[in-house]
Participant: 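Sharing a structure with you now.
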Amino acid sequence: MLLLPEALRANADRNPEAIALLDGPRSVDYAALVRDATHVANSLRSRGVVRGDRIAVALTNTPETVAIVYGAWLAGAAIASLNVQARGH
């Protein structure tokens, strides 16, 4: 059984130019998604993130968000998504 990060990478290896994400007229292929996610993972690791860490992030509905989540998974971290609509009192 493949975990989602492994499945995404395997699909990118098989079909790098296939569309992974659509955002209106904008598309991101699997090769770009893996490249961006790997960059995020390396950046997190260079900042001391290790397997099992949790990262709190404010996420929006964009292809960049997918790369951030995927990158965190590649680094072994879990995401705690903060509601960008929430307002402090």
Participant: For residues 72-82, which residue pairs pass the salt bridge (charged side-chain N to carboxylate O under 4.0 Å, His left out) check, not counting sequence neighbours?
Facilitator: none

Participant: Run through the side-chain heavy atoms of Ile, Leu, Val, Met, Phe, Trp and Tyr, join any pair under 4.5 Å, and report what else lands in Leu22's cluster.
Facilitator: Ile19

Participant: Enumerate, atom names and distances included, each donor-acceptor pair closer than 3.5 Å involving a side-chain atom of residues 66-82, sequence neighbours excluded.
Facilitator:
residue : atom : partner : partner atom : Å
Tyr70   : OH   : Pro5    : O            : 3.2
Tyr70   : OH   : Arg9    : N            : 3.3

Participant: Would you kindly say whether Ser43 and Ser46 are connected by a side-chain donor-acceptor distance under 3.5 Å?
Facilitator: no

Participant: Taking atom NE2 of His39 and atom CG of Leu44, what is their separation to the nearest 0.5 Å?
Facilitator: 9.5 Å

Participant: Please list all pairs meeting salt bridge (charged side-chain N to carboxylate O under 4.0 Å, His left out) that have one or both residues in residues 68-79, counting only residues at least two apart or in different chains.
Facilitator: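 Qualifying pairs: none.
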
Participant: For Asp13, which residues count as a side chain to side chain donor-acceptor pair (under 3.5 Å) partner, sequence neighbours excluded?
Facilitator: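 Result, side chain to side chain donor-acceptor pair (under 3.5 Å) vs Asp13: none returned.
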
Participant: Side chain to side chain donor-acceptor pair (under 3.5 Å) with Asp29: which residues, sequence neighbours excluded?
Facilitator: none

Participant: Test side chain to side chain contact (heavy atoms under 4.5 Å, CB included) on Val50 and Asp53 and set out the steps.
Facilitator: CA-CA 6 Å; Val50 296; Asp53 281 353; 3.7 Å; yes

Participant: Tell me the salt bridge (charged side-chain N to carboxylate O under 4.0 Å, His left out) pairs involving residues 54-65, sequence neighbours left out?
Facilitator: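 Salt bridge (charged side-chain N to carboxylate O under 4.0 Å, His left out) check on residues 54-65 returns Arg26-Glu64.
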
Participant: Go through the structure and list residues passing side chain to side chain donor-acceptor pair (under 3.5 Å) with Arg35, not counting sequence neighbours.
Facilitator: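 If we apply the side chain to side chain donor-acceptor pair (under 3.5 Å) test to Arg35, skipping adjacent residues, there are no hits.
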
Participant: Can you list every salt bridge (charged side-chain N to carboxylate O under 4.0 Å, His left out) pair that touches residues 67-84, not counting sequence neighbours?
Facilitator: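 Those involving residues 67-84 do not exist here.
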
Participant: Taking only residues two or more places apart in sequence or in another chain, which ones pass side chain to side chain contact (heavy atoms under 4.5 Å, CB included) with Arg51?
Facilitator: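 Side chain to side chain contact (heavy atoms under 4.5 Å, CB included) list for Arg51, sorted by chain: empty.
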
